[in-house]
Protein chains: 2
Amino acid sequence: MTEARTRILNATRELFLAGGAEAVTMRSVAERVGVTATALYRHFENKDALLRAVIGAGFESFGGYLYRALRGSSASERLRLSGQAYLDFALEQPEMYRTIFMAPHPAVVACEETDGPHQSSTFHFLVDRVRECMQAGALRADEPEGVAIAIWAHVHGLVSLFLTGATGQTEPVFRETYRRSLDRLFAGLDA
Amino acid sequence: MTEARTRILNATRELFLAGGAEAVTMRSVAERVGVTATALYRHFENKDALLRAVIGAGFESFGGYLYRALRGSSASERLRLSGQAYLDFALEQPEMYRTIFMAPHPAVVACEETDGPHQSSTFHFLVDRVRECMQAGALRADEPEGVAIAIWAHVHGLVSLFLTGATGQTEPVFRETYRRSLDRLFAGLDA
DNA sequence: GTCTATAGGTGGATAGAC
DNA sequence: GTCTATCCACCTATAGAC
């Protein structure tokens with residue numbers, strides 16, 4: 001029924017993940033699908049609607065990564081898995097990570113308005129993980145919000161520096177850097 | 001003598017700081033200066049040369065901020081002032097910060113090739129501050145490079161989240177967040 | 001050094017035939 | 001639903017007159 005719509009969406013996502021939002025033009029998407037640019041307007045109102053659909057799916061994907069961390073059997077395990085999920089998403093979908101967290105495209109803002117504030121829901125998820133760690137005695141009692149910001153900033157900073165090439169590291173080396181750096185941060189947060 | 005060149009550079013910098021690299025077009029610069037776009041080619045080879053000049057000045061400005069931190073009278077004071085200088089630069093020249101550290105424009109790469117690696121020299125500066133703190137007994141003995149990455153990632157992460165609006169904080173509130181978050185990190189790094 | 005005129009490219013979007 | 005033809009906006013850059 002809307003199979004054409006799906007094919008267009010896939011082509012857009014592929015172009016987007018390969019070259020970012022600027023690689024997505026009505027012409028490039030159309031060429032990849034095998035139709036002319038004008039045909040796309042039968043399925044999407046305009047380019048912005050196309051980008052919003054792809055980025056919205058990216059938000060959902062990120063949410064899925066985080067959600068899996070809830071499988072952990074203890075508060076500290078769930079927090080640890082959250083950090084791992086964050087890293088996995090960033091390394092497996094770097095262009096999506098860049099768009100959502102590093103260079104907010106106008107379409108990202110539009111997504112937040114229609115689907116609710118994704119970025120702040122990420123923050124609230126982390127605050128919940130931190131709070132339950134404090135209640136379980138795995139983290140020293142402190143303001144959960146402040147500690148959550150410190151953790152988020154830390155993982156986001158590490159990932160950003162890696163993705164822009166500032167660390168000059170390969171992915172396996174960076175994974176180790178990520179682990180050790182979080183250990184250093186938690187050395188000051190642990191109970 | 002090269003007064004025209006200076007006026008062009010100023011106009012470019014103003015446009016750049018207001019709207020980023022994409023706000024800089026030969027037409028917009030020319031309009032701001034009060035000439036036609038073609039006149040600019042008498043003073044700069046092309047648009048890229050124009051951007052490189054502005055971004056190169058941004059790098060120098062950032063270096064100046066860091067350099068002032070060396071006025072501190074002790075190792076730990078110099079490290080503290082470095083963190084403050086980093087924050088000041090990011091908040092006073094957000095668009096320049098964004099360009100240099102968050103969304104490496106092709107012109108940034110070009111600057112690094114001609115003027116030397118600025119990003120890695122920032123890292124080395126920080127490693128030096130960390131190392132002298134360890135030697136002075138102000139930081140626990142550890143790998144200086146790993147600790148420097150942790151600190152850099154932390155400050156960069158905080159600043160990035162603020163500049164993208166993810167924290168939802170005002171600047172004065174964020175300055176306090178920045179201070180407290182660094183305190184939390186150093187709680188695990190202090191001797 | 002600055003102008004006008006112009007070439008040449010990219011990209012979003014619509015009209016109307018099929 | 002998809003096509004061709006087309007418009008419009010905006011961009012970098014050059015040639016040659018003044």
Side-chain angles (χ1 to χ4, degrees), chain A residues 1-56 95 98-99 103-111 113-114, chain B residues 1-56 95 98-99 103-111 113-114:
Chain A
M1 193 140 142
T2 51
E3 196 206 313
R5 200 175 193 277
T6 306
R7 269 184 294 131
I8 293 172
L9 230 38
N10 285 340
T12 306
R13 202 192 59 248
E14 287 161 18
L15 284 166
F16 178 84
L17 292 180
E22 65 203 24
V24 176
T25 69
M26 299 305 270
R27 285 168 163 82
S28 66
V29 171
E31 187 184 18
R32 198 173 189 86
V33 173
V35 296
T36 58
T38 52
L40 304 181
Y41 289 89
R42 283 283 154 189
H43 306 279
F44 291 90
E45 193 190 345
N46 51 32
K47 180 186 171 180
D48 222 59
L50 204 50
L51 274 179
R52 258 183 287 129
V54 167
I55 291 173
E95 203 56 52
R98 227 185 289 270
T99 301
H105 190 273
V108 174
V109 181
C111 276
E113 281 167 3
T114 56
Chain B
M1 192 142 139
T2 50
E3 197 206 314
R5 200 175 193 276
T6 305
R7 270 183 294 129
I8 293 172
L9 230 38
N10 285 340
T12 306
R13 201 191 60 247
E14 287 161 19
L15 284 166
F16 178 83
L17 292 180
E22 65 203 26
V24 176
T25 68
M26 299 306 268
R27 283 168 162 79
S28 65
V29 172
E31 187 184 18
R32 197 173 188 88
V33 173
V35 296
T36 58
T38 52
L40 304 180
Y41 289 87
R42 282 282 153 190
H43 306 277
F44 291 89
E45 193 190 344
N46 51 31
K47 181 186 171 180
D48 222 60
L50 203 49
L51 274 179
R52 257 183 287 129
V54 167
I55 291 173
E95 201 57 52
R98 226 184 290 271
T99 300
H105 191 274
V108 173
V109 181
C111 276
E113 281 167 3
T114 56

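Side-chain atoms are counted along with the backbone in the values below, which use heavy atoms only and exclude waters and symmetry mates. The chains referred to below are lettered A, B, ... by the order of the sequence lines, with proteins before strands, and numbering in each begins at 1. Given the structure is predicted, the values throughout are model-derived calculations rather than measurements.
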Separation of [N] [atom2] from [X] [atom1] (nearest whole Å):
X	N	atom1	atom2	answer
B:Phe44	D:dT14	CZ	P	16 Å
A:Asp48	C:dA13	CG	P	8 Å
B:Glu31	C:dC3	CD	C1'	17 Å
B:Glu22	C:dG11	CD	P	15 Å
B:Lys47	D:dA13	NZ	P	8 Å
B:Met26	C:dC3	CE	P	13 Å
B:Tyr41	D:dG16	OH	C1'	17 Å
B:His43	D:dA13	NE2	P	16 Å

Please tell me which of A:Arg27 and A:Ala39 maps to the more 5' nucleotide of DNA chain D, matching each residue to the nucleotide holding its nearest heavy atom.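 First, find each residue's nearest nucleotide; the 5'-ward one identifies A:Ala39.
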Backbone N or O of B:Val24 within a donor-acceptor pair of the B:Ser28 side chain at under 3.5 Å?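 No, B:Ser28 side chain to B:Val24 backbone: no donor-acceptor pair under 3.5 Å.
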Any side-chain heavy-atom pair from A:Leu50 and A:Met26 closer than 4.5 angstrom? yes
Closest to the B:Thr38 side chain, choosing from D:dA5, C:dC3, C:dG12: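 Shortest atom-to-atom distance from the side chain points to C:dC3.
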Which of these nucleotides, C:dT2, D:dT14, D:dT4, is closest to any side-chain atom of B:Val35?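 Among C:dT2, D:dT14, D:dT4, the one nearest the side chain of B:Val35 is C:dT2.
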CG of A:Leu15 to CD of A:Glu31: how many Å apart, nearest 0.5 Å? 9.0 Å
Side-chain donor-acceptor pair present, B:Arg7, B:Asn10, cut-off under 3.5 Å: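 The answer is no; no qualifying pair exists.
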What does A:Thr25 touch in the nucleic acid at a heavy-atom separation under 4.0 angstrom: a base, only the sugar-phosphate, or nothing?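 Sugar-phosphate: the residue A:Thr25, judged by heavy atoms under 4.0 Å, touches backbone atoms but no base.
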Give a yes or no on whether a donor-acceptor pair under 3.5 Å exists between the nucleobase atoms of D:dT4, that is its base, and the side chain of A:Thr36.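 Check fails, no donor-acceptor contact within cut-off.
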Between A:Val24 and A:Arg42, which has a closest nucleotide on DNA chain C that is more 5'?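 Mapping each residue to its closest nucleotide by heavy atoms, the 5'-most match is A:Val24.
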Test A:Cys111 against every option in A:Ile55, A:Val54, A:Leu51 by the side-chain contact (heavy atoms from CB on, under 4.5 Å) rule and name the one that passes. A:Ile55
